[in-house]
Amino acid sequence: MNVFVLAPQIHYGKDSLQTLKNLKCKRVLVVTDRFMVQFGIAGQVTAILDTVGIQWEIFQDVEPNPSIETTNAILKQFMNFAPDGVIGLGGGSPIDAAKGALYFADRLQQQFAAIAAPKKPYFVAIPTTSGTGSEVTSYAVLTDTEKHTKIALSDACMLPDLAVLDPVFTKTLPKGVIADTGMDVLTHATEAFVSKVSNPYTNALATEAIKAVFSHLLPNFNDPSDETHRTAMQNASCMAGIAFNNSSLGINHSLAHTLGGRFQIPHGKINAILLPYVVRFNGCSKRAARIGDYKAVEAYAQIAKVLGLPAKTPEQGVLSYAVALEILKDQLGINKTLKDYGIEEALYLSAIDTLAEQALGDICTAENPITVGLEDLKAVLKAVYYGL
């Protein structure tokens with residue numbers, strides 16, 4: 001039996017933030033970052049809570065790539081305040097940090113029932129970027145600062161109850177953030193489409209997300225004020241999130257997690273740099289012939305056909321899609337290799353064994369369209385550094 005999860009409820013489009021007036025909560029913890037507070041974005045949320053008499057507290061210290069320590073701090077405030085509602089407001093980091101706190105609160109409740117930990121609150125996710133899809137997934141990524149790696153968590157307790165996609169929040173995004181998060185959407189959708197456990201439902205959502213990115217990301221990048229393209233990218237991010245929440249991801253994300261933890265490059269940017277290399281690796285027809293599995297080759301070729309790219313043969317389709325990704329990256333000002341970002345060669349090469357081992361153990365690796373080993377991951381890591 002297969003299962004496709006249709007959750008959370010999604011409110012999208014202009015003025016969708018006003019749906020917070022309908023919350024049935026009495027006490028809400030808002031998890032966000034200092035930027036959201038400083039520029040009044042968090043204030044737009046708390047003002048609505050005030051109008052309907054909801055008591056609130058705010059945690060505003062979420063950093064990019066949220067750490068386990070930050071999640072523990074949120075958990076402490078959560079236990080003290082005992083809210084019946086939690087709002088994750090911001091990019092993927094605040095939403096993932098809120099998820100992490102909910103995850104550990106759930107574990108405390110299961111293991112130490114006598115403590116009477118608060119029951120799972122009503123969870124609202126309000127993304128202010130169009131990229132992670134975290135508002136509709138049961139995944140979260142936290143950073144282990146001691147081991148310089150990222151930990152991917154997956155649990156139903158982290159799935160939001162309500163996602164609010166209001167384009168007002170993406171109006172002033174810097175171009176670099178638009179580029180990185182937009183390519184994150186494309187990576188989510190691509191990996192969901194080629195996953196070992198993809199299905200007709202995930203494929204439909206992933207396909208629409210891919211088409212939307214190629215139609216709207218560059219115009220959004222060139223003119224962030226245009227609400228049409230902003231809204232389309234929000235919807236694409238959400239669709240890709242639902243798709244990969246039901247089909248998982250692959251080694252693009254496994255490698256991005258370990259590279260991001262080690263070298264502190266934004267997650268979306270690393271995904272963007274990796275994507276053409278991973279497409280070429282997974283879609284290699286010679287490898288497919290050797291292992292007797294052409295799923296990845298055929299899936300990438302199908303994406304190329306959807307986009308109207310040359311795909312007279314599956315091999316041509318794979319190449320066309322990889323080249324299209326490289327062209328889009330270049331138009332967005334994203335460099336071709338990790339070496340281009342100033343990572344010292346000797347330092348990188350000395351870390352490859354550890355990076356490959358961490359990626360192999362990542363939860364995303366299991367559903368990569370082809371089975372990989374350490375040497376495969378090392379080969380991709382070398383390719384993405386040197387541009388091979």
Without placing hydrogens or testing angles, list every side-chain donor-acceptor pair under 3.5 Å for residues 281-294, not counting sequence neighbours.
| unit_1 | atom_1 | unit_2 | atom_2 | d |
| --- | --- | --- | --- | --- |
| N282 | OD1 | N368 | ND2 | 3.0 |
| N282 | ND2 | Y300 | OH | 3.2 |
| N282 | ND2 | N368 | OD1 | 3.2 |
| R287 | NH1 | F281 | O | 2.4 |
| D293 | OD1 | K295 | N | 3.0 |

Query raised in the report: So, for R262 and L347, which heavy atoms are closest and what is the spacing to 0.1 Å?
Result: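 Looking at all heavy atoms of both residues, the shortest contact is NH2-CD1, 3.3 Å.
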Query - Closest approach of Y277 to G387 (non-hydrogen atoms, all atoms of both residues) - result: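 Nearest pair, atom of Y277 first, then G387: OH-CA, 3.3 Å.
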pair [X]-[Y]: side-chain heavy atoms closer than 4.5 Å:
{"X": "F169", "Y": "V164", "result": "no"}
{"X": "V213", "Y": "I210", "result": "no"}
{"X": "K24", "Y": "Y122", "result": "no"}

Query raised in the report: Judged by atom type as modelled, is there a donor-acceptor pair below 3.5 Å linking the side chain of S237 to the main-chain atoms of M233?
Result: no
Report task. Look at the side chain of D184 and the backbone N and O of N271, then say whether any donor-acceptor pair between them is shorter than 3.5 Å. Result -> no
Requested in this report: Can you measure from CZ (F263) to OH (Y341) and round to the nearest 0.5 angstrom?
Outcome: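 Here the interatomic distance stands at 14.5 Å.
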Report task. Output the distance between atom OH (Y103) and atom CG (D96), rounded to the nearest 0.5 Å. Result ->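 Interatomic distance, Y103 OH to D96 CG, rounded to 0.5 Å: 13.5 Å.
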Query - R34: partners by salt bridge (charged side-chain N to carboxylate O under 4.0 Å, His left out), with sequence neighbours left out - result: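 D61.
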Query raised in the report: What residues, two or more places apart in sequence or in another chain, satisfy salt bridge (charged side-chain N to carboxylate O under 4.0 Å, His left out) together with E146?
Result: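 Partners of E146 under the salt bridge (charged side-chain N to carboxylate O under 4.0 Å, His left out) test: none.
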